[in-house]
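Order of the sequence lines fixes the chain letters, A, B, ..., with proteins taken first and strands second; residue numbering starts at 1 for each chain. For clarity, every value in this text was computed on a predicted model and none was experimentally measured.
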Protein chains: 2
Amino acid sequence: MKLSGGVEWAVHCCVALTGVTEPVPAATLARLNDVSMTYLAKQMQSLARAGLVHSVQGKAGGYVLARPADSISVLDIVLAIEGTEPQFTCTEVRQRGPLAASPEQCLQACAVHRAMLAAEQAWRASLRGVSVADLVATVDRDSGPDVLSRVRGWLASPTP
Amino acid sequence: MKLSGGVEWAVHCCVALTGVTEPVPAATLARLNDVSMTYLAKQMQSLARAGLVHSVQGKAGGYVLARPADSISVLDIVLAIEGTEPQFTCTEVRQRGPLAASPEQCLQACAVHRAMLAAEQAWRASLRGVSVADLVATVDRDSGPDVLSRVRGWLASPTP
DNA sequence: GTTCGGATACTCGGATAGCACTTGTCCGAGTGGGGGTGG
DNA sequence: CCACCCCCACTCGGACAAGTGCTATCCGAGTATCCGAAC
């Protein structure tokens with residue numbers, strides 16, 4: 001029940017990518033956050049595979065957000081990195097053992113399964129309600145708009 | 001982001017333990033659910049360590065619920081098995097890299113951290129709102145009260 | 001001066017090792033019960 | 001017949017391996033750019 005560490009990096013990168021028009025290479029994003037270049041590249045690949053960012057190859061290549069920031073939710077990023085399979089897998093304990101229930105008695109999910117499913121739905125709904133644009137607005141409100149503008153400027157011409 | 005498989009077993013065992021007065025050994029619970037005896041014993045140990053079930057040693061020993069079923073939430077069981085540490089660990093990316101923020105600018109949690117925290121709180125709240133007694137009531141309503149009564153009878157005198 | 005071509009350097013992408021955690025298992029410590037023995 | 005004591009079988013508890021997925025890394029495929037040469 002632990003989130004992959006790459007999720008944090010991916011979300012931060014999506015926030016940093018807002019407002020930039022030219023592609024940003026993974027190496028630049030890695031230097032910005034001071035993290036492993038190759039590993040962050042892997043996370044960006046996952047984002048590209050999920051269609052959240054658009055990757056352009058070549059000399060001036062890199063990553064750009066594929067959609068407006070207000071249409072990319074944090075849930076999209078988490079699912080892109082972690083995978084879309086649910087966190088709880090019901091093994092149908094009911095149908096095992098000496099008091100096994102018949103399959104026609106198990107047409108609907110068991111009570112335990114439903115409780116877990118409801119909790120995961122709540123979790124997903126909370127993450128779905130926060131978009132990358134919301135995060136940008138929050139950062140601007142908390143720390144001032146110059147923080148993210150400085151990030152965008154650095155991404156445009158990074159220091160080697 | 002995957003729950004431990006033992007969580008399912010632990011919840012089912014807690015449901016099965018409702019209404020029984022004499023201690024039930026881990027081996028009996030394992031046979032009821034047709035799962036690995038030794039591994040389920042490990043999960044029951046975690047429940048005992050968390051104070052959810054009371055363990056009695058000796059010849060007629062086993063496990064009993066330590067509290068009324070309506071005061072044991074599914075969240076309690078999940079936390080007992082998975083551990084209480086939060087699923088998301090913020091590595092303070094803000095304070096790293098060439099544009100690192102100063103520590104006094106990071107007095108409150110960053111926007112990403114707060115979004116993840118809110119989602120986890122929603123998840124926990126959903127699980128906290130479901131007690132073992134609620135699960136029992138749900139099973140009784142769905143499949144009839146005889147299902148759980150048969151389970152209790154089998155736990156009292158199990159077939160070897 | 002303009003245009004075409006190729007070499008180049010830089011990018012992403014998937015395939016590849018290392019490590020931590022979950023899964024699964026085992027044996028020892030402790031305890032209540034049952035049977036034997038003595039009164 | 002009853003009470004006491006010892007042995008035992010049964011239980012939990014923590015310590016010990018194996019498998020699986022996350023972490024981290026590398027090298028190859030692909031492409032826009034830049035430079036040079038030809039027209």
Any A/Ser55 side-chain N or O less than 4.0 Å from OP1/OP2 of C/dT11: no
Nearest-angstrom distance from the residue atom CG of B/Leu40 to P of C/dC26: 15 Å
Distance in angstrom units between B/Met44 CE and C/dG24 C1', rounded: 17 Å
Sugar-phosphate only, base, or nothing, as touched by A/Ser4 at under 4.0 Å among non-hydrogen atoms: sugar-phosphate
Spatial distance of atom CD (B/Glu120) from atom CE (A/Met1) [nearest 0.5 Å]: 6.5 Å
Sugar-phosphate only, base, or nothing, as touched by A/Ala26 at under 4.0 Å among non-hydrogen atoms: sugar-phosphate
Sub-4.5 Å side-chain heavy-atom contact between A/Cys110 and A/Cys90: yes
Touch class at under 4.0 angstrom, heavy-atom based, for A/Lys2 against every strand present: nothing
Side-chain touch B/Val78/B/Trp123, heavy atoms, less than 4.5 angstrom: yes
B/Gln95 CD: over 12 foreign heavy atoms closer than 6.0 Å: yes
Proximity to the side chain of A/Tyr63 - top-ranked nucleotide from C/dG13, C/dT11, C/dT23: C/dG13
Contact nearer the 5' end of DNA chain C, comparing A/Gly58 with A/Thr38: A/Gly58
Proximity of B/Phe88 and B/His113 rings by center, below 6.0 Å: yes
Length of the NE2-C1' vector between A/His54 and C/dT11, whole Å: 13 Å
Heavy atoms from other residues, nucleotides or ligands near CZ of A/Arg150 exceed 12 (cutoff 6.0 Å): no
Span of DNA chain D in contact with chain B (heavy atoms, under 4.0 Å): D/dC10 to D/dA15
Rounded interatomic separation in angstrom, taking OH from B/Tyr39 and P from C/dT25: 10 Å
Comparing A/Lys59 and A/Ser36 on DNA chain D - which has the more 5′ nearest nucleotide: A/Ser36
Integer-rounded Å distance: C/dT25 P and B/Gln43 CD: 12 Å
Value in whole Å for how far the C1' atom of C/dG33 lies from CD of B/Glu22: 14 Å
Check: C/dG32 base within 3.5 Å donor-acceptor of B/Gln57 side chain: no
Ionic contact status for B/Arg114 with A/Asp142, cut-off 4.0 Å: yes
Euclidean distance, atom CD of residue A/Gln45 to atom C1' of C/dT16 [Å, nearest integer]: 13 Å
Rounded distance (Å) that lies between atom P of C/dG24 and atom CD1 of B/Ile81: 13 Å
